Asker: 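Next up is a structure, given as structure tokens.
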Protein chains: 2
Amino acid sequence: MTKIKQQLDTRNALIQSGIKLFGEYGLNGTSTRMLSHDCGANIALISYHFGNKEGLYEACLDYISLRIQDYIKGTYVTLGDIIRKEKPTAHEAKQVIDSIIETMLTMFLVHEEPKSWNVLISREQSNPTPAFDIIYDSIIKRIQQDLTRMIAIYIGRDPNSEESKIRSHIFISQVLGFITSRESFLRHMGTDNLSQAQIGKTRKVVKEYIDTVLNGLRACQLKEAE
Amino acid sequence: MTKIKQQLDTRNALIQSGIKLFGEYGLNGTSTRMLSHDCGANIALISYHFGNKEGLYEACLDYISLRIQDYIKGTYVTLGDIIRKEKPTAHEAKQVIDSIIETMLTMFLVHEEPKSWNVLISREQSNPTPAFDIIYDSIIKRIQQDLTRMIAIYIGRDPNSEESKIRSHIFISQVLGFITSRESFLRHMGTDNLSQAQIGKTRKVVKEYIDTVLNGLRACQLKEAE
DNA sequence: TTATTATTTAAACAAATGTTTAAATTTGTA
DNA sequence: TACAAATTTAAACATTTGTTTAAATAATAA
């Protein structure tokens, strides 16, 4: 076993335990002994590899950030050309919107590994630590900007207006609510875990909802001069 | 000074400090010494009045729960009759929806005291502690149920379907996102604090948005048999 | 093979933490 | 006014916590 391999094993084991435990108990509610016990690494290795507990927390967010960027890379490969266009068509803009939403829904509702990221992201969203920048700058900001622009283009509004920023925030919140208010949603649905049928319904209702609002806003615009 | 008055002063001072500090640092990140120092009460008074730190946390949520119920009481006084009707009209249902949303926006964006509640609510939403029931059972559940039904009635769908539950979750998330993703929103808006002008724009964009989606869904329904 | 570097370990440290305890003080009641 | 009850205080306690330390072990390079 090479040095690099072994180092990554211990280091990575701590990161995986970190994502799980920090997600469940928060930074302050997770002790170095919990982390050590969870992955079997000696407690001194936290400061050896990461400097201190906060360093491990940041490493967890770095890891999640990279993985999410990987996760959405597929989406952005096919959409990058449209996004970079000076003037995408409304049809093109709608493609971007749909793809981003689809990716988010899949990430939030379907795949198993991302579920462990979601809890930590949800924590950071509602109560940012100093490490929030890691997630914000690499992922959230980009999605905000892209959706602000694409939505405005699709509905025929000014992409640079504050109204467009507000609108995209509302738009993103529609989907983000499945992780930031997950417990409320589950209780309302009367379950501890969404069934495949429930997930299917959710995706369908989301799609109907956003198509309706986007087309409604677009139709308003075709009738009025902004 | 009577006993009851004095007791309430110390007890209440601890609760106010609790709301502030638990909101900012979380339950685990707030020490009994911080609480004691913030309001000047001796540290032993936490267990004296509340049993332990968790008891104080619960008391804070109880306080917030009562205050929010008070806050929305005005809204529910005028809407109660409609909500209790077996078959409200679509017009009536829309009145309920608009009033609830207006109340939530005011609470989340405008008034100063509720702002201190919002942080703690946001925390509980995204990462429920055992005390989440306090807020859920008294407030969130009711709003979920009422909006599920009113939205379904307005757009002509079945109020008891799972789709209606999902739809109302999306609907609530549109507004809740202003507290559960507050940092992201502020950064996107390029400010640390929303100006009055920005708040005004936000309310206007929200109203346009939800009117559009509700009327869009309603129009779909008038064209299709569900 | 030896020396160097990197990793890991077990123990220790200093501080922080939530809670308890007993005494002092204040308040309320008869 | 005296006594009882309630509240408050300061100190102490036991545990937990994050981190450090020095030695042991493993891996790498010459």
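All values reported here derive from a predicted model rather than from experimental measurement. Computed from heavy atoms alone, side chains included, the values below leave out hydrogens, waters and symmetry copies.
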Asker: Measure the distance from CD1 on Ile46(B) to P on dA10(D) and round it to the nearest whole Å.
Answerer: 15 Å
Asker: So does Thr10(A) get a side-chain nitrogen or oxygen closer than 4.0 Å to the phosphate oxygens (OP1/OP2) of dT8(C)?
Answerer: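 Thr10(A) to dT8(C) OP1/OP2: side-chain N or O found under 4.0 Å.
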Asker: When the distance from CG of Asn42(B) to P of dT20(C) is rounded to whole Å, what number comes out?
Answerer: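 So the CG-P distance, Asn42(B) to dT20(C), works out to 14 Å.
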Asker: Is the His111(B) ring parallel, tilted or perpendicular to the Tyr71(B) ring (thresholds 30°, 60°)?
Answerer: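 Aromatic pair His111(B)/Tyr71(B) classed perpendicular.
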Asker: Rounded to whole Å, please give me the gap between OH in Tyr48(A) and P in dT25(D).
Answerer: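 It works out to 17 Å between those atoms.
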Asker: Nearest to the Ala44(A) side chain among dT8(C), dT8(D), dA10(C), which nucleotide is it?
Answerer: dA10(C)
Asker: Just wondering, more than 12 heavy atoms not from Asp70(A) lying within 6.0 Å of its CG?
Answerer: yes
Asker: Atom CG of Leu45(A) to atom P of dA26(D): distance rounded to whole Å?
Answerer: 14 Å
Asker: For nucleotides 16-18 of chain C, which of its nitrogen or oxygen atoms have a protein nitrogen or oxygen under 3.5 Å away, and what is each distance?
Answerer:
unit_1  : atom_1 : unit_2   : atom_2 : d
dG18(C) : OP1    : Lys53(B) : NZ     : 2.3
dG18(C) : OP2    : Thr32(B) : N      : 2.6
dG18(C) : OP2    : Thr32(B) : OG1    : 2.8
dG18(C) : N7     : Arg33(B) : NH1    : 2.9
dG18(C) : O6     : Arg33(B) : NH2    : 2.9

Asker: Are any of the side-chain nitrogens in Arg187(A) or Glu183(A) under 4.0 Å away from the carboxylate oxygens of its partner?
Answerer: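 The answer is yes: the pair qualifies as a salt bridge.
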Asker: Using atom CZ of Phe50(B) as one end and atom P of dT19(C) as the other, report the distance to the nearest whole Å.
Answerer: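 One finds 13 Å between P of dT19(C) and CZ of Phe50(B), rounded.
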Asker: Would you tell me whether Tyr76(B) and Asp146(B) have side-chain atoms, one donor and one acceptor, within less than 3.5 Å of each other?
Answerer: yes
Asker: Does anything in residues 20-44 of chain A form a ring-ring contact (aromatic ring centres under 6.0 Å, His included)? List the pairs, not counting sequence neighbours.
Answerer: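 Of all non-adjacent pairs touching residues 20-44 of chain A, those that pass ring-ring contact (aromatic ring centres under 6.0 Å, His included) are Phe22(A)-Tyr57(A).
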Asker: Side-chain N or O of His49(A) versus OP1/OP2 of dT8(C): is the shortest distance under 4.0 Å?
Answerer: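 Indeed, a polar side-chain atom of His49(A) lies that close.
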Asker: Check the distance between dT7(D)'s C1' and Leu14(B)'s CG and give it to me in whole angstrom.
Answerer: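 So the two atoms are 13 Å apart, to the nearest Å.
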Asker: Between Asp81(A) and Arg84(A), does any side-chain N to carboxylate O distance fall below 4.0 Å?
Answerer: yes
Asker: For Arg11(B) and dA6(D), give me the distance from atom CZ to atom P, rounded to whole Å.
Answerer: 15 Å
